[in-house]
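Remarks on the structure that follows.
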Amino acid sequence: MEVKEPKHDGTTMRKALLVINCIILSIGNYGGPLIMRLYFIHGGNRIWFSSWLETSGCPIILLPIACAYMHRSRTADPTSENKLFYLERPLFLAAIVLGIITGLDNYFYCYGLSRFPVSTSSLIVASQLAFTAGFAFLLVKQKFTAYSINAVFLLTIGAGVLALHSSSDRPANEPNREYITGFVMILAASALYGFILPLVELTYKKAKQEISYSLVMEIQLVMCLVATAFCTVGMLINNDFKLVGREAREFELGETKYYLVVISSAIIWQCFFLGGIGVVFCASSLLSGILVLFLLLVTELVAVIFFNETSQAEKGVSLALSLWGFLSYFYGDIKQSKKKKPDLKIEITSSLPPNTVESSV
């Protein structure tokens, strides 16, 4: 008797969701740093305001949350309760903590980006993979293979090569103290984001309620609202709200384009954050970190083309090592998947009654 392989709808849906989140993450990873750098090189200099922009676009997440609610209303059992928000208190508190860390991380990153070209800052941020791997091992007991260890090593070395030879990217008349502070800040941002991804994964694992993608969007909304509130306090202390109007009028590309840059930045950064935690939900924090790093390679190339940033031999070596590490990870992942793939025919046959097995022969 021939037994047909059952359809794995859940697995297929999860893979499709992973691809969608990778696309969303790509948009944010390419566009976010480039638009932010555009803001800085044409006259923008408000660090807290640029940090605020990274999460202030979070209300747009209400749109997919509302769509998910309407879909449940049409398809769910009429007797079951359908709510717009399902986030319970423990996850809500966890999202608040994540939001505070995200707000601090945004400030560190924007401070560093204001001092460094996109190409250099992007590859220094690449060091976050080492932090992600370390925290993933400590927090969620991430299992490593020879391929994943090789990937982390190569990607981190690639970032190190750039960091050791970044002095020629130094902006003209940049004081030594501010240059060093910018480097430390962007490295701190890497460490913090490397901590955030495994912490999000740990939150999913420890949650006492079922984690759905709708719930992931709710967590993202709370995180960004809290991070925005954190940066709002910084803006108030620094008087940024009073100075934004003057900065817009003095912007080199014009006032209209200033607000276009600001609004675009707020929207595109949401793609980065939602895509990042979406990949954690569909796969793991380590994969999310590796994807973030690999996508930064494209940001590096685009920055050299559009912003006329210097393209050195060290950057080429760094890119080559990073690409090698990225391919190493996925080659190992494919090999592991083939090893773990069960022989479905044997499993189904062994579960059938003896007379059924005989008749099939």
Side-chain angles (χ1 to χ4, degrees), residues 10 13-14 17-18 20-21 24-25 54-73 75-77 79-107 128 131-143 191-233 269-289 292:
M13 180 62 72
R14 202 173 190 86
L17 199 58
L18 177 60
I20 292 170
N21 276 279
I24 294 173
L25 178 60
E54 290 194 31
T55 52
S56 60
C58 60
I60 64 173
I61 299 178
L62 288 170
L63 181 60
I65 290 176
C67 290
Y69 170 76
M70 290 186 288
H71 176 73
R72 290 195 301 269
S73 299
T75 59
D77 186 351
T79 59
S80 62
E81 184 183 10
N82 184 26
K83 300 184 292 184
L84 181 60
F85 298 105
Y86 282 89
L87 198 63
E88 295 178 358
R89 187 176 179 181
L91 273 179
F92 180 75
L93 294 175
I96 289 176
V97 173
L98 287 165
I100 294 171
I101 299 173
T102 299
L104 185 61
D105 180 56
N106 290 348
Y107 176 77
Q128 75 180 40
F131 294 108
T132 301
F135 287 122
F137 177 76
L138 294 173
L139 296 179
V140 296
K141 310 301 179 186
Q142 174 72 48
K143 294 181 180 179
L192 268 182
Y193 193 70
F195 176 65
I196 289 171
L197 291 175
L199 194 59
V200 168
E201 186 174 358
L202 181 66
T203 302
Y204 293 161
K205 289 180 180 292
K206 296 294 183 181
K208 295 181 180 179
Q209 62 181 118
E210 184 182 353
I211 302 294
S212 63
Y213 193 70
S214 295
L215 203 58
V216 168
M217 290 190 290
E218 292 176 32
I219 293 170
Q220 171 68 15
L221 178 62
V222 175
M223 282 174 59
C224 287
L225 284 172
V226 173
T228 303
F230 178 89
C231 294
T232 300
V233 174
W269 275 116
Q270 284 306 299
C271 295
F272 174 79
F273 287 109
L274 183 59
I277 69 168
V279 172
V280 174
F281 168 72
C282 297
S284 69
S285 56
L286 182 62
L287 177 59
S288 184
V292 166

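Residues take their numbers from the sequence shown, with the count starting at 1. No hydrogens, no waters, no symmetry mates; every other heavy atom, side chains included, goes into these values. Bear in mind that the values here come from a model prediction, so they are computed numbers and not experimental data.
- Contact detail for Gln220 and Leu274: the closest heavy-atom pair is NE2-N, 3.8 Å.
- Separation of atoms CE (Met223) and CD1 (Ile96) is listed at 12.0 Å; rounding is to 0.5 Å.
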*Starting from the C-alpha separation in whole Å, work towards a yes-or-no answer on side-chain contact (heavy atoms from CB on, under 4.5 Å) for Val222 and Phe85.*
CA-CA 11 Å; Val222 175; Phe85 298 105; over 6 Å; no
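- Closest of all the heavy-atom pairs between Gly103 and Cys231 is O-SG, 3.9 Å.
- Residues Thr55 and Phe230 are not in side-chain contact: their nearest non-hydrogen atoms beyond the backbone lie 4.5 Å or more apart.
- Annotation: the span from Ile219 atom CD1 to Cys224 atom SG amounts to 12.0 Å, rounded to 0.5 Å.
- Rounding to the nearest 0.5 angstrom, the gap separating the CD1 atom in Ile61 from the CE atom in Met217 is 8.5 Å.
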*Where do Ile211 and Leu91 land on the side-chain contact (heavy atoms from CB on, under 4.5 Å) test, with the steps shown first?*
CA-CA 10 Å; Ile211 302 294; Leu91 273 179; 3.8 Å; yes
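- Residue Thr132 holds its OG1 atom at 11.5 Å from CG of Leu287, rounded to the nearest 0.5 Å.
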Would you tabulate the side-chain donor-acceptor contacts of residues 197-207 under 3.5 Å, counting partners in other chains and residues two or more places apart, or write 'none'?
residue: Glu201; atom: OE1; partner: Ser285; partner atom: N; Å: 2.9
residue: Glu201; atom: OE1; partner: Ser285; partner atom: OG; Å: 2.6
residue: Thr203; atom: OG1; partner: Leu199; partner atom: O; Å: 2.8
residue: Tyr204; atom: OH; partner: Ile277; partner atom: O; Å: 3.4

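- Side-chain contact between Lys208 and Pro90 is absent, with no heavy-atom pair separated by less than 4.5 Å.
- No side-chain heavy atom of Glu210 sits less than 4.5 Å from a side-chain heavy atom of Tyr86.
- When every heavy atom of Val280 is checked against every heavy atom of Ser288, the shortest pair comes out as CG2-CB, 3.8 Å.
- Between Arg89 atom CZ and Gln209 atom CD the span is 14.0 Å, to the nearest 0.5 Å.
- For Leu17, the side chain to side chain contact (heavy atoms under 4.5 Å, CB included) partners two or more places apart in sequence, or in a different chain, are Asn21, Tyr213, Phe281, Cys282.
- Ring orientation note: the planes of Phe131 and Phe135 are close to parallel, at an angle under 30° on the 30°/60° scale.
- Looking at Thr228 and Ser56, their side chains never bring a donor and an acceptor atom within 3.5 Å of each other.
- How far CD1 of Ile20 is from CG of Leu25: 13.5 Å, rounded to the nearest 0.5 Å.
- Evaluation of the side-chain hydrogen bond (donor to acceptor under 3.5 Å, both in side chains) test over residues 96-105, restricted to residues two or more places apart or in two chains, returns none.
- Proximity of the aromatic rings of Phe272 and Tyr193 is defined here by a centroid distance below 6.0 angstrom, and this criterion is met.
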